[in-house]
Amino acid sequence: MTTPYTFDHSAYAADLQATYGHLTDGEESGVVVNVAGRVMLLRTQGKLAFGSLRDSSGEIQLFALSAVTAGFDEFVKLHLGDWVGVTGEVVRTKRGELSVKVTSWVQLAHAQHNFGDKWAGIADHDLRYRHREADLWANPETRVALTRRSAVVRAVRQRCWDQGFMEVETPILNAIPTGAAARPFKTHHNALDSEFFLRIAPELWLKRLVVGGYERVFELGRVFRNEGVSPRHNPEFTSLELYCAYWNYADMMTFTEELVAGVAMDVLGTTEVEYQGRPFSFATPWPRRTMADIVSQACGEELSVHTPRERLAELLAQHGVTAHASWGAGRCLEELMAETAGDQLWQPIFVTDFPVEISPLARRHQEDPELTERFESYAVGRELSNGFTELNDPVDQRARFEDQARLAAAGDDEAMQIDEDFIKSLEWGLPPTAGLGIGIDRLVMLIADVANIREVIAFPTLKPLRD
RNA sequence: GCGCCGAUAGCUCAAUUGGCAGAGCAUUUGACUCUUAAUCAACAGGUUCCGGGUUCAAGUCCCGGUCGGCGCACCA
């Protein structure tokens with residue numbers, strides 16, 4: 001059967017609901033519209049039929065009568081899920097349902113598979129993720145979450161633009177995976193006969209653009225990390241990275257909280273929400289506390305990066321964590337925070353002043369060379385953003401890379417490699433600069449109030465089916 | 001990668017102690033001129049995820065595998 005190549009669409013369901021809300025029971029508007037969508041329910045009653053037409057905006061009832069509707073006998077044989085285009089007058093039925101009284105209609109596409117139980121939808125996660133196109137019709141909350149994701153991305157972009165940041169794109173195929181601590185995906189270019197890695201972060205490229213004179217840049221894009229999959233981790237995810245010349249990390253914290261709270265306002269119209277049943281507020285300003293302060297309070301004793309490593313390792317052991325031989329006091333302090341306080345930081349907070357040992361790209365703190373001017377924001381017990389005053393001293397950067405290389409040699413497969421090109425770029429001169437990274441998927445989870453990252457990714461990474 | 005749990009009709013789910021594999025919706029057929037998850041009647045629908053094993057008998061018990069969920073690890 002040949003179906004039409006076009007349809008002269010003139011109205012969306014939600015617009016009709018809004019425009020013709022005033023019609024009283026049994027009233028006819030005299031206005032003829034062309035609507036299209038899927039028939040999600042069909043109730044036939046002899047020579048009458050009522051259908052629920054759903055489009056991207058919402059639903060409107062189709063009201064067909066054998067005396068009025070051309071091809072009525074075929075209309076009532078439509079399958080649930082079929083796409084139809086309908087022409088008819090906007091009316092309200094005697095029983096009060098706003099409807100399009102079908103005069104003519106055309107099947108635009110047939111649905112060979114159903115869209116799940118009309119009440120329960122599709123519950124099977126495997127089916128929902130592998131065939132999101134069906135899930136979107138079967139489970140309205142899926143459409144809400146993914147639509148919200150789009151709104152978040154739009155708001156993030158707009159706010160960055162509004163602050164004078166230029167959107168740029170940097171390589172995804174990299175000879176050296178760097179800019180974060182993670183295992184990369186490896187691939188191969190045939191013509192160049194070279195090994196490439198999918199980027200784990202765009203950080204170093206973006207800083208080179210600041211060296212090049214773009215003072216405010218950002219990139220909103222996919223990064224890839226060859227790590228475990230969990231309700232909070234997808235192997236490919238979207239990050240916002242943003243760099244601003246002449247700012248330090250305190251400036252960037254202010255920017256971060258205003259960006260996130262602003263995006264919540266843009267998308268939800270409020271900063272006060274619930275996440276998984278618990279109240280949560282995006283309202284600014286967010287508290288700022290040093291890592292040492294937080295760990296000290298959690299452990300009930302004064303601790304810092306200057307505390308003897310043995311003491312920190314002892315405390316870690318009390319929490320069932322064995323400090324690896326390669327861990328210095330800085331790494332131990334971070335692990336201790338993760339064990340004692342990290343997952344309890346529900347309301348947004350900036351954790352500041354990270355040890356230099358675990359921050360190879362951040363500039364040393366002006367008041368303590370063992371620390372860096374680095375922050376991470378936490379919300380609902382999870383890391384939301386990461387930022388710092390950028391290290392712009394090529395000599396120190398080389399030393400930091402060399403420390404990383406030693407870790408790699410000791411078996412740390414997430415340690416960074418020495419990137420000579422990047423060091424050379426710093427030799428050309430990076431002005432004082434602050435940088436920021438935000439996990440967009442995690443931000444969307446917060447704003448969409450979902451617990452699983454796959455619910456905010458249209459097609460999450462799944463294991464391919466065999467056979 | 002490790003542990004726990006799950007997979008039964010197109011969809012959502014039952015099936016007691018190991019004893020004939022079921023319901024609702026969808027599909028098909030019929031009735032019905034204001035339905036709202038319409039209703040009513042009837043027909044049909046199965047490799048119980050896959051492969052082995054135990055047993056007179058396996059959806060159910062055992063072993064192996066596949067995919068998924070959750071937790072741990074890793075990370076954002």
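By convention in this document, chain letters (A, B, ...) are assigned in the order of the sequence lines, proteins followed by strands, and residues within each chain are numbered from 1. These numbers come from a predicted model, not from an experiment.
In terms of phosphate contacts, A:Asn452 brings a side-chain nitrogen or oxygen within less than 4.0 Å of OP1 or OP2 of B:rC70. Residue A:Arg225 has no polar side-chain atom (N or O) positioned under 4.0 Å from OP1 or OP2 of B:rC74. Considering only side-chain N and O atoms, A:Arg454 lies under 4.0 angstrom from the phosphate OP1 or OP2 of B:rC70. At the phosphate of B:rC34, neither OP1 nor OP2 sits under 4.0 Å from any side-chain N or O atom of A:Arg92. The phosphate of B:rC25 (OP1 or OP2) has no side-chain N or O of A:Lys118 nearer than 4.0 angstrom.
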What nitrogen or oxygen pairs link the protein and nucleotides 2-6 of chain B at under 3.5 Å?
none

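Of the candidates B:rC74, B:rC11, B:rG71, the closest approach to any side-chain atom of A:Asn114 belongs to B:rC11.
The aromatic rings of A:Trp137 and A:Trp83 stand perpendicular to each other, their planes meeting at an angle above 60°, with 30° marking the opposite boundary. Between A:Phe280 and A:Phe282, the ring-plane angle classifies as perpendicular under the 30° and 60° cut-offs.
A:Glu373 and A:Thr389 are linked by a side-chain donor-acceptor pair at a separation below 3.5 angstrom, with hydrogens and angles left out of the test. Side-chain atoms of A:Arg331 and A:Ser326 include no donor-acceptor pair closer than 3.5 Å. One side chain, A:Arg43 or A:Gln61, offers a donor N or O that lies under 3.5 Å from an acceptor on the other. There is a side-chain donor-acceptor pair under 3.5 Å between A:Glu219 and A:Thr170. Side-chain atoms of A:Asp135 and A:Thr142 form a donor-acceptor pair, as typed in the model, at a separation below 3.5 Å. Checked by atom type, the side-chain pair A:Glu390/A:Thr433 shows no donor-acceptor distance below 3.5 Å. No side-chain donor-acceptor contact under 3.5 Å links A:Arg374 and A:Thr352. Using a 3.5 Å distance cut-off with no hydrogens or angles, the side chains of A:Arg199 and A:Ser239 do not pair a donor with an acceptor.
Within residues 137-154 of chain A, no residue has any heavy atom closer than 4.0 Å to RNA chain B. Of all the residues in residues 16-44 of chain A, A:Leu41, A:Arg43, A:Thr44 reach under 4.0 Å from RNA chain B with at least one non-hydrogen atom. Remark: A:Trp119, A:Ala120, A:Gly121, A:Ile122, A:Ala123, A:Asp124, A:His125, A:Asp126, A:Tyr129, A:Arg130 in residues 119-132 of chain A come within less than 4.0 Å of RNA chain B through at least one heavy atom. A heavy-atom distance below 4.0 Å to RNA chain B is reached by these residues of residues 45-60 of chain A, ordered by number: A:Gln45, A:Gly46, A:Lys47, A:Leu48, A:Phe50.
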Only Watson-Crick and G-U wobble pairs with both distances less than 3.5 Å should count. Give RNA chain B in dot-bracket notation, marking inter-strand partners with |. (((((((..((((.....[..))))..((((.......))))......(((((..]....))))))))))))....
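Heavy atoms only, all atoms of each residue included: A:Val456 and A:Asp441 are closest at CG2-O, 3.7 Å. Nearest approach of A:Phe185 to A:Phe224, heavy atoms of both residues: CD1-CB, 3.7 Å.
The one candidate from A:Gln17, A:Arg38, A:Arg54 that meets the side chain to side chain donor-acceptor pair (under 3.5 Å) condition with A:Glu59 is A:Arg54. Among A:Tyr243, A:Phe218, A:Phe255, the one residue that satisfies the ring pair (Phe, Tyr, Trp, His ring centres under 6.0 Å) test with A:Phe165 is A:Phe255.
In this structure the side chain of A:Thr372 never reaches within 4.5 angstrom of the side chain of A:Asp353, judged on heavy atoms.
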